[in-house]
Amino acid sequence: MSDKVRLHLRLTPETHRLIGEYAQKDNCTTLNEFVEHAVEFYVGYLSAEDCLRFLPPSLAAAVRGTIQDTENHICRLLFKLAVELDMMMNVLASELDVDPEVLAQMRGRCIQEVKKTIGCITFADAVRYQRGE
């Protein structure tokens, strides 16, 4: 005798029919085996940490690879953007004499503008603002 616990439950006839139908499709030898697999799957589904253990390994590897490739691509783009931005700031700083107080006020306004527009700001928007439009 195994060390399993007996559980009594009531099912609708439709649920019992589905268990029987899908137990055969899943090659389970007993309805108990199918119900145990189903409960393990559902518990894994409910706990996000274990969700990958229910994906086929090839699918999980493909998802991980895609995420890693996307992360690497975004990092390279952000690095290039930071270099271009640093170049632009240095060109502007070499030609302009901006008062530190004005710069601090501009930073605050820019932070609010970026928050308000969720980062969707163009150079044309800045030109319009500077012209008072």
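Because only heavy atoms are used, hydrogens play no part in the values below, and waters and symmetry mates are left out as well, while side chains stay in. Nothing here was measured: the structure is a model prediction, and the numbers come from that model.
Across every non-hydrogen atom of L31 and A23, the tightest pair is CD2-CB, 4.0 Å.
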Would E21 and K25 count as a side chain to side chain contact (heavy atoms under 4.5 Å, CB included) here? Give the steps. CA-CA 7 Å; E21 179 183 331; K25 289 182 180 180; 3.6 Å; yes
Stepwise side chain to side chain contact (heavy atoms under 4.5 Å, CB included) test for V39 and E36: CA-CA 5 Å; V39 169; E36 193 166 350; 5.9 Å; no
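A side-chain donor-acceptor contact under 3.5 Å links T122 and D125. Side-chain contact annotation: Q68 with N72, donor-acceptor N/O pair under 3.5 Å present.
Between the CG atom in L78 and the CZ atom in R76 there is a gap of 11.0 Å [rounded to 0.5 Å]. The CZ atom of R17 sits 8.0 Å away from the OH atom of Y22 when rounded to the nearest 0.5 Å. One distance of note links OG1 of T30 with CD1 of I19; it measures 11.0 Å at 0.5 Å rounding. For the atom pair K116 NZ and I121 CD1, the distance stands at 8.5 Å (nearest 0.5 Å). Between atom CD of residue E113 and atom CE of residue M106 there is a gap of 12.5 Å, rounded to the nearest 0.5 Å.
Hydrophobic cluster membership for V127: F123 (Ile, Leu, Val, Met, Phe, Trp, Tyr linked by side-chain heavy atoms under 4.5 Å, directly or transitively).
With sequence neighbours excluded, no residue forms a salt bridge (Lys or Arg N to Asp or Glu O under 4.0 Å) with K80. With sequence neighbours excluded, no residue satisfies salt bridge (Lys or Arg N to Asp or Glu O under 4.0 Å) with E33. Checked against salt bridge (Lys or Arg N to Asp or Glu O under 4.0 Å), E71 has no partners two or more places apart in sequence or in another chain. Residues satisfying the side-chain contact (heavy atoms from CB on, under 4.5 Å) criterion with E84, sequence neighbours excluded, are M87. In this structure, K115 has no salt bridge (Lys or Arg N to Asp or Glu O under 4.0 Å) partners at least two apart in sequence or on a different chain.
By the 6.0 Å contact criterion, CD on E14 is enclosed, its count of non-hydrogen atoms from other residues, nucleotides or ligands being greater than 12. Surrounding CD of E133 are more than 12 heavy atoms belonging to other residues, nucleotides or ligands, all under 6.0 Å away. The local environment of CG in L92 is crowded, with over 12 non-hydrogen atoms from other residues, nucleotides or ligands closer than 6.0 Å.
A chain of hydrophobic side-chain contacts below 4.5 Å, direct or via other Ile, Leu, Val, Met, Phe, Trp or Tyr residues, connects M88 to L103. Linking Ile, Leu, Val, Met, Phe, Trp and Tyr residues whenever their side-chain heavy atoms come within less than 4.5 Å leaves M89 and L81 in two separate clusters. In this structure, L96 is a member of the same hydrophobic cluster as L85, with clusters built from ILVMFWY side-chain heavy atoms closer than 4.5 Å. One hydrophobic cluster, built from ILVMFWY side chains closer than 4.5 Å, cannot hold both V35 and V5; they sit in different ones. Hydrophobic cluster membership differs between V114 and Y129, with clusters built from Ile, Leu, Val, Met, Phe, Trp and Tyr side chains linked at under 4.5 angstrom.
A donor-acceptor pair under 3.5 Å links the side-chain atoms of N90 to the main chain of D86, judged by distance alone. D26 places no side-chain N or O within donor-acceptor distance of the main-chain N or O of C28, the cut-off being under 3.5 Å.
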